[in-house]
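Heads up, the thing below is written out as C-alpha cells.
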Amino acid sequence: MNPSHIKTPDGIFTAFFSERGLVGLEFPRRSKSAKKPVPVQRDAPPHLKEWQLLTQAALLKALAGQRPGKLPPLDLSAGTAFQQSVWALLQSIPPGHTLSYSEVARAIGRPKAVRAVGQACGANPIPVLVPCHRVLAAHGGLGGFSGGLEWKIKLLGREKA
DNA sequence: GTCACCTTAGAAG
DNA sequence: CTTCTAAGGTGAC
C-alpha cells in the first residue's frame, strides 16, 4: 500500500492509498508506535498529497463530531457488494444520529441480514470517515467495536448522540 | 462442510 | 426477566 501519517488531537492515524483512492485507515497504535520503516513502496498515486490533506481535514472534523465535508475518493473495491452498500449507507448518517443494526439491514434491502451488517461494520477498512460507530444495538446498547469500544463511545459523545 | 462474528425478534420457562 | 433458537453474509479452518 502506501502508509501516510495523519496527525490529529487524538493521535497519529495511518492512512493507506491505492491509485484509486483511500483504501484504509488505522487508529493510533497506542501500545507500540514502533512499527514500520515502511517497506518499499511502489505505487505513488498522482494525487497522493492532495488526498492526504483531504483525509486529514475530514478526519479532524469527524473526530470533532462534525460532518467530514469533502472527502478524498474512497477505494472500497476490496469489499463485497453487500459490504459496500452497508458502508455507503453509513456515510449518509449525519453526526449525532444513530441506527440499529436491524435498521441498517432493512435500509439496504436485507431485513434479515442483521448479523451480516455487524460483520460488514467490523470489516470496515475506514473507521471514523465511514461511521461504523453510529450503528448501535437495538435497545440502545453499544454492541461491539473491533477498533476498541472506547473510540465508539468517545466519538458518539462528541456528536452528542 | 463447520464455526464464529460489532445482532435480533420471538417463543418458552 | 432470563434463556434459547433460528436466521444472513463472509472468511478462516
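If you're wondering where the values come from, they're calculated on a predicted model, not measured in any experiment. So you know, we letter chains A, B, ... as the sequences are listed, proteins then strands, and number each from 1.
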What is the separation between atom [atom1] on [X] and atom [atom2] on [N], rounded to the nearest whole Å?
X         : N       : atom1 : atom2 : answer
Phe145(A) : dT7(B)  : CZ    : C1'   : 16 Å
Arg106(A) : dT7(B)  : CZ    : C1'   : 13 Å
Leu149(A) : dC5(B)  : CG    : C1'   : 15 Å
Arg110(A) : dT8(B)  : CZ    : C1'   : 18 Å
Phe82(A)  : dG11(C) : CZ    : P     : 12 Å
Gln83(A)  : dG9(C)  : CD    : P     : 12 Å
Ile108(A) : dT10(C) : CD1   : P     : 10 Å
Gln119(A) : dT8(B)  : CD    : P     : 15 Å

Just by distance, with hydrogens left out, do Asp10(A) and Thr8(A) show a side-chain donor and acceptor under 3.5 Å apart? no

Taking only side-chain nitrogens and oxygens of Ser102(A), does any of them come within less than 4.0 Å of OP1 or OP2 of dT7(B)? no

Does Lys112(A) place a side-chain N or O at less than 4.0 Å from the phosphate oxygens OP1/OP2 of dG8(C)? yes

Heavy-atom side-chain proximity of [X] to [Y] below 4.5 angstrom:
X         : Y         : answer
Trp51(A)  : Asn2(A)   : no
Leu99(A)  : Leu89(A)  : yes
Leu136(A) : Lys152(A) : yes
Leu22(A)  : Phe17(A)  : yes

Under 4.0 Å, counting only non-hydrogen atoms across every strand here, what does [X] touch: a base, just sugar-phosphate, or nothing?
X         : value
Gly143(A) : nothing
Ala116(A) : base
Ser146(A) : base

Assigned partner base of dG8(C), Watson-Crick or wobble definition, under 3.5 Å: none

Of all the nucleotides listed (dG8(C), dT8(B), dT10(C)), which has the minimum atom distance to the side chain of Val114(A)? dT8(B)

Closest to the Arg115(A) side chain: dG11(C), dA9(B), dC5(B)? dC5(B)

